Structures are given as C-alpha cells and as structure tokens.
Amino acid sequence: MRYGIFSDVHSNLEALHAVLSVYKKENIDKYLCIGDIVGYASNPLECIKIVRETADFCVAGNHDWAAVNKFSLDFFNPIAKAAVVVNSKQLSKEEEDYLSSLGLTYEDEYLTLVHGTLQEAGFFHYLVSEDEAIKTARLMKTNLCFVGHTHRPEIFEIEKDVVSILRLECLKINKNHRYIINVGSVGQPRDGNWRAAYCIFDSEKREVYIKRIEYDIKTTQKKILKAGLPEFLATRLSFGR
Ligand code: ZN
C-alpha cells in the first residue's frame, strides 16, 4: 500500500494543487490528511472540497475546530485568530458540519494519525520535545504515528525509551523501532524552506519519504492580501517561517 499523507494545508489552494499533482504520479492507494485544512490563507472552501474528495480520512487540527467553535480562539495568537475569523465567515453549514465531524485520531493496521500529540489530543500540544515524543510513543498501538501542527518536517525515532531526532528525505523503517513522523506543512512551511511539504509511506518497502514541491506562491500571497488577511501571512510564506 502506498499512502499519500499531508498536513496543514491552511487554505493555501495553490500549494494543495501542487502537492496533489505530484501525488498523481506516485501511484497512491490511500490519502490521509492530518488536519488544519483551514486558517491563514484565503481559500478555505476550495481546500475543504478537495480534501473531502481526495482524503480517505482526515483528522482535526486546532484551526479546523476553532473555525467551528469546537476549540477556543483564546489559544491563538492575534494573527492566527484573525485568519480563523475571516476563514470561518466563508463557511456554509455543509463545510461547518464537515469540520465539526473530524475526529482527533485515526488508526489502521500500519499507522496512527494525530494533529499534535496522542496525549490529550484535543489540546493540540506541539510535539517538539523528546519527553512528548515518549509520551505519544507509549500511547501508540502501531509502530508509526504521523503528526503535523509544527509545520516542520522531522522524524522522532524511538528505541525503547531513547529518542533520536532525524531530518531525512527518506527513512527506512526498522520494524523494532517506533517512529513519530512530522510530515511538515503543505500551505505554510516553517522550516526555512518555502516549498510545500508532503509525505509518502510505502508499507511494502517500509519506506517513508518527505518531499517538497514548488508552487505558485505569488498568487497565494496576492489572494491573502486581497482577502484582507494580515500582511505577515503573505510575507512569511516566502521565507518558510
Ligand atoms: Zn497548522
């Protein structure tokens, strides 16, 4: 089985189009989305429509739930909050119902998905420390857990209770280890690379790839400004911050 796993689209339609066009050449059997379809950029409706049509399963991100009042905006900085408010005004009942229906976790025979961490998934903690990686690893029923939320692609490899942090384009899975794989962000990368991030997991070859693809960033930036969203949300995209 070949999985296409992506996260943090954040209403960036041009980045989502670019990622899906490269996935089309990759013989993907199953698409999974790790949440935050909306927020930050200007095309929440279009991105929700595409994710609904494409993804076999999608878990909730903090922005998805905040847009439908299932998660408090008090946890957001003023710029993120402003974008959630602008995005949520565009949603019809149908999109609201879809975002509300997203659950916090997903599990199949190979992998688990959660936006932040498995411990207190509904609080959307950032999985950035070894300590949090171990807490999530203890709750994993599969060897692999795919996460998003930080917008920085990285891999936590856990052997017993020792964590190594890897930044690789291709990971060969050791079946005796556990892995928490942050797939990065389609629509607003924050690792200093502006290109959209996406992940492929091949369960037969036991390989995980985290790749990058250029997209029409100028159009996204123009649309962000035209929508009256904070200017910083346009400029940051150029720097991948
Ligand atoms: Zn996000």
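First listed ligand is number 1; within each ligand, the first listed atom is number 1. On a predicted model such as this, the values are computed, not experimentally measured, just so you know. The first residue of the sequence shown is numbered 1, and numbering continues consecutively from there.
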Restricting to N, O or S, what is the name of the atom of [X] that lies nearest the Zn ion (ligand 1)?
X: Asp8; value: OD1
X: Asp36; value: OD2
X: His10; value: NE2

### Task
Locate the shortest heavy-atom distance separating Leu237 from Gly187; write the atom from each residue and the value.
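Here Leu237 and Gly187 meet closest at CD2-O, 3.4 Å.
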
### Query
Between His177 and Tyr179, how do the two ring planes meet: parallel, tilted or perpendicular, split at 30° and 60°?
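His177 and Tyr179: tilted rings.
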
### Query
Does a donor on one side chain sit under 3.5 Å from an acceptor on the other, for His125 and Glu120?
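Yes, because at least one side-chain N or O of His125 sits under 3.5 Å from a partner of the opposite role on Glu120.
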
#### Entry: Evaluation steps, side-chain hydrogen bond (donor to acceptor under 3.5 Å, both in side chains), between Ser42 and Gln90
CA-CA 10 Å; Ser42 66; Gln90 294 187 45; over 6 Å; no

### Heteroatom test (N, O or S) for His115 near the Zn ion (ligand 1), limit 2.8 Å
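Within the cut-off used here (under 2.8 Å), His115 places no N, O or S atom near the Zn ion (ligand 1).
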
